[in-house]
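Treat the numbers as computed from the prediction; the structure is a model and nothing was measured. All residue numbers refer to positions in the sequence shown, counting from 1.
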Amino acid sequence: MPRTFRVLHPRLEIAQDRDARRARGSLGPERVASLYAKFGGTVFDPGCFLDTSEDTPEQTVRRLLADLATVSADCSFGQKKERLAALLP
């Protein structure tokens, strides 16, 4: 089975709230907003994004497994590794 790339991409306010509740490793609201903007469909095909704003972790896993058969070719993992590396400091 080919590997696929999916971006778990909740709405910005949800991402900032989840980050603020982390016991450790919090990035802060400005950094979360910066990363959100970078990932916002400009680097990766919009079909690779999965809005997880309303999902529990278990629901996200179920959605990922259900989506395996329908992920677009633009979400194959090959080129995404290099694009992802370019985003991170």
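- In plain terms, the two heavy atoms of Ala33 and Gln16 that are nearest each other are CB-NE2, 3.9 Å.
- Leu65 places a side-chain heavy atom less than 4.5 Å from the side chain of Val61.
- Within the 4.5 Å cutoff, no side-chain heavy atoms of His9 are placed close to those of Leu50.
- Contact check for Arg63 versus Thr60: no side-chain heavy atoms found under the 4.5 Å cut-off.
- Taking the side chain as every heavy atom from C-beta outward, Arg6 and Phe49 never approach each other to under 4.5 Å.
- Using a cut-off of 4.0 Å between Lys/Arg side-chain N and Asp/Glu carboxylate O, Arg11 and Glu54 are scored as salt-bridged.
- Between Thr52 and Arg18 there is a side-chain heavy-atom pair separated by less than 4.5 Å.
- Scanning all heavy atoms of the two residues, the minimum distance from Pro10 to Asp51 falls at CA-OD1, 3.7 Å.
- In this structure, the side chains of Leu64 and Leu8 come closer than 4.5 Å at one or more pairs of heavy atoms.
- Distance CG/Asp19 to OH/Tyr36: 14.0 Å, rounded to 0.5 Å.
- Cluster annotation: Leu12 is connected to Leu35 through the hydrophobic network of ILVMFWY side chains, with a link wherever side-chain heavy atoms come within less than 4.5 Å.
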